[in-house]
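This report concerns only the one structure given below.
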Amino acid sequence: MTHRKIIHIDLDAFYCAVEELRDPSLGGKAFAVGGQPDQRGVVSSCSYAARMYGVRSAMPTARALQLYPQLIIIRGHYRLYSSNSRRVMALLHNYSSLVEQISIDEAFLDVSENPESRGSIARAIQTSVNNELNLPCSLGISTNKLVAKIATDVGKAAIQTKGSPNAIQIVPPGEEAAFLAPLPVEMLWGVGPKTGTQLAKINVHKIGEIVGIPERTLVERFGKLGHSLYRRARGIDNREIVTTHIAKSISKETTFTRDINDEAKLIKHLERLSERVCKRLQKQQLAGTTVKLKLRWADFTTLTRQTTTEQPTNHSEDVLTEAKKLFIKNWMPGKPVRLLGVGVSGLGPPIRQLSLWESDSVLSRLERERQLRQALLSLREKFGERIIYWGTEPE
Ligand SMILES: [Mg+2]
């Protein structure tokens, strides 16, 4: 039986690495890309030097500054991150046609066709990303996606320096289960804080301890997830590389059966369009930094305007706020509108979701909002678009 060669690659502190290319004087300094503290901004990415002080992604910027008052806060250049990301992905295609981009700075590659050893393929890729694009990156290599991704995380965690880890972690065929065994269960794909707590109750803390539990028992306790846990704990994962492209923008538009010149009605439509765009973004786990408005007048002339947000967002309140500003700036009261459209581009991953155990009051409020949004999303999934709206009633 031939084993697949699956590589997971993750750019190290990607946004910060790009910022260092833009301004080399940042090299080695404690800095973060994120929103301003007075605007309740959040850290999107932080340099390894900043991590030494406990600064983390998704942390409110104000909190990060408490931890390290000299922390340099940089406003993100999200378009620059997207263009660098595209260059990385293009480079990866030199090594395989089977490339699956999973976020702005992460991808899986299937390099099974390459006769070279796992180590030399990984080193070649890392060297070209380092030298041709001047970006640090870490790689995990295994026979499948599950173990390759965990290998990257383990490789990165093993190297604690002020600089980028640039790690390479290889898990040879047959050693998947042994590699996973000592790791905490939370590192396993599908084990969130809730499942983690349930496992801790039956005194299971390490992945290897799951292997000792019969599949039937796991299914009794965890339902369908039990089957997956049984397989994943053994490092089994047959998922193929899926070569899809991440959308460049997501937009929705409505042509009215009759032109509308009523401001309240038009804004209600903007609300609905923002909701639909954000629902799609959330489903694809994307967020964007550019909000677009499209307006078509009764005579078919069309106008598009766009604006850039402070941080990537996929929240309909944010998108609506920007779309509304653009609308008010460009609409002459009473002028009939034939078509309205809202779009979001400059897509990348959302600011990482906050973890449940962070007890800071700001965090718990944000977390509650996030949980509420998640609940709304799944309600709509079950019961359709019209079930529930933020604040206002459907017409
Ligand atoms: Mg990364």
Side-chain angles (χ1 to χ4, degrees), residues 6-22 26-34 42-52 54-59 64 74 76-92 95 99-109 122 125-142 145-169 186-187 189 246 284-289 311-312 346-355:
I6 305 292
I7 292 181
H8 173 256
I9 179 168
D10 183 2
L11 282 291
D12 297 335
F14 177 55
Y15 293 174
C16 290
V18 175
E19 290 300 335
E20 285 184 34
L21 290 182
R22 213 176 56 84
L26 288 168
K29 287 189 185 153
F31 70 97
V33 172
V42 175
V43 172
S44 328
S45 174
C46 53
S47 69
Y48 286 91
R51 291 177 202 200
M52 297 290 215
V55 177
R56 294 287 179 273
S57 300
M59 181 181 270
I74 293 175
H77 297 85
Y78 295 95
R79 239 170 275 170
L80 203 56
Y81 309 151
S82 302
S83 60
N84 274 276
S85 168
R86 279 195 294 277
R87 291 166 71 206
V88 172
M89 298 304 151
L91 184 147
L92 296 180
Y95 292 88
V99 177
E100 177 178 352
Q101 182 173 3
I102 51 176
S103 75
I104 194 165
D105 72 332
E106 267 179 280
F108 287 114
L109 288 86
I125 294 176
Q126 187 180 60
T127 306
S128 50
V129 175
N130 287 171
N131 296 349
E132 291 167 43
L133 304 177
N134 289 308
L135 292 168
C137 61
S138 294
L139 291 83
I141 310 106
S142 173
K145 297 206 271 191
L146 169 75
V147 181
K149 182 163 165 57
I150 295 175
T152 307
D153 294 340
V154 168
K156 280 193 187 223
I159 300 172
Q160 297 262 346
T161 60
K162 265 190 129 180
S164 307
N166 249 318
I168 290 182
Q169 178 76 51
E186 284 82 4
M187 286 189 83
W189 177 55
I246 287 187
Q284 300 190 11
Q285 296 189 7
L286 290 169
T289 50
Q311 293 205 322
L347 301 182
I351 303 289
R352 206 173 310 146
Q353 288 171 358
L354 302 163
S355 49

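Just so you know, ligand 1 is whichever comes first in the structure, and atom 1 is the first atom listed for that ligand. Computed over heavy atoms, backbone and side chain alike; hydrogens, waters and symmetry mates excluded.
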Q | Which residues share a side chain to side chain contact (heavy atoms under 4.5 Å, CB included) with A17, sequence neighbours left out | A | L135, P136

Q. Is any NZ, NE, NH1 or NH2 atom of the basic residue among E132 and R87 found under 4.0 Å from an Asp or Glu carboxylate oxygen of the other?
A. no

Q | Main-chain N/O of V42 paired to Q311 side chain as donor or acceptor, under 3.5 Å | A | yes

Q: Scan residues 151-160 for pairs that pass salt bridge (Lys or Arg N to Asp or Glu O under 4.0 Å), counting only residues two or more places apart or in two chains.
A: D10-K156, D12-K156

(Q) Return all protein N, O or S atoms below 2.8 Å from the Mg ion (ligand 1), chain by chain in residue order. (A) D10 OD1, L11 O, D105 OD2

Q: Would you mind checking if K145 and E100 are paired as a salt bridge, meaning a charged N to carboxylate O distance below 4.0 Å?
A: yes

Q.
Please enumerate all residues that pass side chain to side chain contact (heavy atoms under 4.5 Å, CB included) together with Q169, with sequence neighbours excluded.
A. A151, V154, F179

